Amino acid sequence: MHIAEGFLPASHAVGWTVAAAPFVVHGARAVVKEVRENPESTLLLGAAGAFVFVLSAIKLPSVTGSSSHPTGTGVGAILFRPPVMALLGTVVLLFQALLLAHGGLTTLGANAFAFAVVGPWAGYGAYRLIRAFGGGLLPGVFAGMVLADLTTYVTTSLQLALAFPDASSGLAGAAAKFLGIFAVTQIPLAIGEGLLGVLLFRVLTVNARPELERLGLLQPAPTTTAGDAA
């Protein structure tokens with residue numbers, strides 16, 4: 001998904017940067033508000049960012065000019081809502097471009113739009129839909145993480161198709177080609193990421209239940225009074 005440095009035409013690089021910028025600015029405000037109003041969530045916020053950094057630093061060969069790997073953005077989107085991930089995801093991409101040569105500065109806007117905007121919003125939408133229809137936390141987490149991963153790569157495929165349309169079949173042909181190549185590696189990776197998310201939230205449910213209750217992911221556990229015990 002990390003489109004390499006200098007791979008996109010300049011007009012596309014600038015256009016995607018302009019498209020991603022409002023989401024990142026809004027995300028910065030959301031992070032400041034979250035930390036100011038709930039300073040106890042800082043540790044969990046940092047853990048969500050670290051989780052995204054580690055998962056997305058795994059680099060598997062994919063189509064020329066890009067890569068394939070898990071994203072991890074569904075975790076932060078479910079915990080803190082998608083605007084927060086717009087900033088966290090972009091910061092992760094920036095550090096990976098500077099420290100790991102994974103992605104690039106000129107392609108940061110395009111990568112951020114797919115990775116930090118579209119993926120988290122789609123994953124959060126899937127999670128909310130599952131919960132709205134009575135599904136539990138873990139099925140919602142699985143669906144959210146799978147969709148956050150897949151939609152990131154669908155967006156990257158469309159970005160590449162827009163930049164490099166097929167000579168004979170145009171945009172549709174190029175999109176089909178990029179989507180087909182990504183699907184080989186990304187569908188099993190997305191399912192694995194969903195299962196990893198379920199394991200992670202099972203751990204959080206045991207070790208950070210008060211925080212999940214405060215964030216609205218779990219209902220507060222009923223209290224037992226002396227009368228109930230009797």
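The first residue in the sequence is number 1, and the count goes up from there. Worth saying up front: this structure is predicted, and the values here are computed from it rather than measured.
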Side-chain heavy atoms of His2 within contact of Ser56, under 4.5 Å: yes
Matching residue for Thr155 among Val118, Val117, Asn111 - test: side chain to side chain contact (heavy atoms under 4.5 Å, CB included): Val118
Closest approach of Arg214 to Ser41 (non-hydrogen atoms, all atoms of both residues): NH2-CB, 3.3 Å
Straight-line distance of Leu108 CG to Phe113 CZ, nearest 0.5 Å: 13.5 Å
Joint hydrophobic cluster, Leu98 plus Leu93, side-chain heavy atoms closer than 4.5 Å: yes
Check: Ser169/Asp166 side-chain N/O donor and acceptor closer than 3.5 Å: yes
Close side-chain approach of Tyr153 and Ile181, heavy atoms under 4.5 Å: no
Greater than 12 external heavy atoms within 6.0 Å of Phe23's CZ: no
Any side-chain heavy-atom pair of Phe142 and Ile130 under 4.5 Å: no
Interatomic distance, Leu79 atom CG to Leu200 atom CG [nearest 0.5 angstrom]: 8.0 Å
Glu40 atom CD: more than 12 heavy-atom contacts under 6.0 Å: yes
Neighbour count >12 (heavy atoms, 6.0 Å) for atom CG, Leu100: yes
Residue pairs fulfilling side chain to side chain donor-acceptor pair (under 3.5 Å) with at least one residue in residues 15-31, sequence neighbours excluded: none
Derivation of the side-chain contact (heavy atoms from CB on, under 4.5 Å) call for Leu105 and Leu94: CA-CA 7 Å; Leu105 296 179; Leu94 178 61; 3.7 Å; yes
Least distance between heavy atoms, Val154 atom then Leu179 atom: CA-CD2, 3.8 Å
Minimum heavy-atom distance Pro165-Ala174, with the two atoms named: CA-CB, 3.8 Å
Non-hydrogen atoms of Thr73 and Gly119 that approach each other most closely: OG1-C, 4.5 Å
Side-chain donor/acceptor of Gln96 to backbone N/O of Phe53, under 3.5 Å: yes
side-chain contact (heavy atoms from CB on, under 4.5 Å) between Val52 and Leu88, intermediate numbers included: CA-CA 9 Å; Val52 172; Leu88 285 186; over 6 Å; no
Residue pair Leu43 / Glu211, side-chain heavy-atom distance below 4.5 Å: no
Student check: side-chain heavy atoms of Ile187 and Ile191 closer than 4.5 Å: yes
pair Leu137-Arg131: side-chain heavy atoms closer than 4.5 Å: yes
Heavy-atom side-chain proximity of Pro139 to Tyr127 below 4.5 angstrom: no
Pairs touching residues 141-152 that satisfy side chain to side chain donor-acceptor pair (under 3.5 Å), sequence neighbours left out: Asp149-Gln186
His69 and Phe115 aromatic ring geometry - parallel, tilted or perpendicular at 30°/60° bounds: perpendicular
Atom pair CG (Leu147) and CD (Glu193), whose distance is rounded to the nearest 0.5 Å: 11.0 Å
Side-chain (Glu5) to main-chain (Thr107) donor-acceptor, under 3.5 angstrom: no
Thr42 and Glu34: CA distance, side-chain angles, deciding distance, side-chain contact (heavy atoms from CB on, under 4.5 Å) verdict: CA-CA 8 Å; Thr42 304; Glu34 176 67 27; over 6 Å; no
Ala143 to Ala126 - nearest heavy-atom pair and separation: O-CB, 3.9 Å
Separation between CD of Glu213 and OG1 of Thr205, rounded to the nearest 0.5 Å: 10.0 Å
Test log, rule side-chain contact (heavy atoms from CB on, under 4.5 Å), inputs Val75 and Leu55: CA-CA 11 Å; Val75 169; Leu55 276 192; over 6 Å; no
Value rounded to 0.5 Å, distance of NZ in Lys177 from CG in Leu160: 9.5 Å
Side-chain donor/acceptor of Thr106 to backbone N/O of Gly6, under 3.5 Å: yes
From OG1 (Thr71) to CE (Met145), nearest 0.5 Å: 6.5 Å
Within 6.0 Å of CZ in Arg209, more than 12 heavy atoms from elsewhere: yes
Nearest heavy atoms of Ser68 and Leu189, plus distance in Å: OG-CD1, 3.8 Å
hydrophobic_cluster_shared for Leu158 and Phe164, side chain cutoff 4.5 Å: no
